[in-house]
Chemist: 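Here it is, the structure, as structure tokens.
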Amino acid sequence: MPGLPERLARQPLQMDKRTNTRLKRGKVEPEARIDLHGMTLARAQPALTGFILRAQAQGKRLVLVITGKGKNTDTGGPIPTRNGVLRHAVPQWLGMAPLSGLVLQITQAHVRHGGGGAYYVYLRRNR
């Protein structure tokens, strides 16, 4: 089963190609950011939802969601544990209502903006 970065990279490109290229090179500065680092899932989901709704209402197109890379909490037991719980939950939350209609594209952030511990979220234009 492919990892999260590979699955995000395989999604069809929804944004224009030039913007996507500039994003990958770290040449575009996000208009807003939220740091979910260290939050519980119960606290992070409403914080993310409110942040995305406000950003889209303000006409922002590119926001940065910082999740952190996660701790390696695998104790070697019979059931493997996934590190980076927020890192895996955020793309799922962005794909569900009420956010799915607002989000055009999710990509892993450039190293300058957090790399594997952050996502660029490209929002649809206000209508």
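Bear in mind the structure is a predicted one, so any value in this text is a computation, not a measurement. Just so you know, residue 1 is the first one in the sequence shown, and it goes up from there.
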Chemist: Side chains of Glu29 and Arg112: does their closest heavy-atom pair fall under 4.5 Å?
Modeler: yes
Chemist: With side chains defined as the heavy atoms from C-beta onward, is the minimum distance between Val121 and Phe51 less than 4.5 Å?
Modeler: no
Chemist: Could you tell me whether Arg124 atom CZ has more than 12 heavy atoms of other residues or ligands within 6.0 Å of it?
Modeler: yes
Chemist: Find the distance between CD (Gln14) and CD (Gln105) and round it off to the nearest 0.5 Å.
Modeler: 6.0 Å
Chemist: Mind checking the CG-CZ spacing from Asn20 to Arg25? Nearest 0.5 Å is all I need.
Modeler: 10.5 Å
Chemist: Would you name the heavy atoms of Leu64 and Ala118 that are closest together and state the gap between them?
Modeler: CD1-CB, 3.9 Å
Chemist: Can you tell me how far apart CD (Gln45) and OG1 (Thr40) are? Round to the nearest 0.5 Å.
Modeler: 10.5 Å
Chemist: To the closest 0.5 Å, what do you measure between CZ (Arg125) and CG (Leu102)?
Modeler: 15.0 Å
Chemist: Side-chain contact, heavy-atom cut-off 4.5 Å: Thr107 with Tyr122?
Modeler: no
Chemist: Within the 4.5 Å heavy-atom criterion, are Leu36 and Val65 side-chain neighbours or not?
Modeler: yes
Chemist: Leu104 and Arg61: which non-hydrogen atoms are nearest, and at how many Å?
Modeler: CD2-NH2, 4.1 Å
Chemist: For residues Val63 and Ala55, report the shortest heavy-atom separation together with the two atoms involved.
Modeler: CG1-CB, 3.8 Å
Chemist: When hydrophobic residues are tied together by side-chain contacts of less than 4.5 Å, even through go-betweens, does Tyr119 share a cluster with Val111?
Modeler: no
Chemist: Got a sec: does the NZ of Lys60 have more than 12 other heavy atoms crowding it under 6.0 Å?
Modeler: yes
Chemist: So, for Tyr120 and Pro30, which heavy atoms are closest and what is the spacing to 0.1 Å?
Modeler: CE2-CG, 4.0 Å
Chemist: Between Gly95 and Ser100, which heavy-atom pair has the shortest distance, and what is it?
Modeler: O-CB, 3.3 Å
Chemist: Any chance you could measure Leu123, atom CG, to Met15, atom CE, to the nearest 0.5 Å?
Modeler: 9.5 Å
Chemist: Write down the atom of Val28, the atom of Arg22, and the distance for their closest heavy-atom approach.
Modeler: CG2-CB, 3.5 Å
Chemist: Return the OG1 to NZ distance between Thr19 and Lys24, rounded to the nearest 0.5 Å.
Modeler: 12.5 Å
Chemist: Less than 4.5 Å apart, any side-chain heavy atom of Lys27 and any of His110?
Modeler: no
Chemist: Is any side-chain heavy atom of Leu94 closer than 4.5 Å to one of Leu48?
Modeler: yes
Chemist: Is it true that a side-chain atom of Thr67 and a backbone atom of Gly117 form a donor plus acceptor pair closer than 3.5 Å?
Modeler: yes
Chemist: Just so I know, are the side chains of Asn126 and Gln56 near enough to count as touching, which here means a heavy-atom distance under 4.5 Å?
Modeler: yes
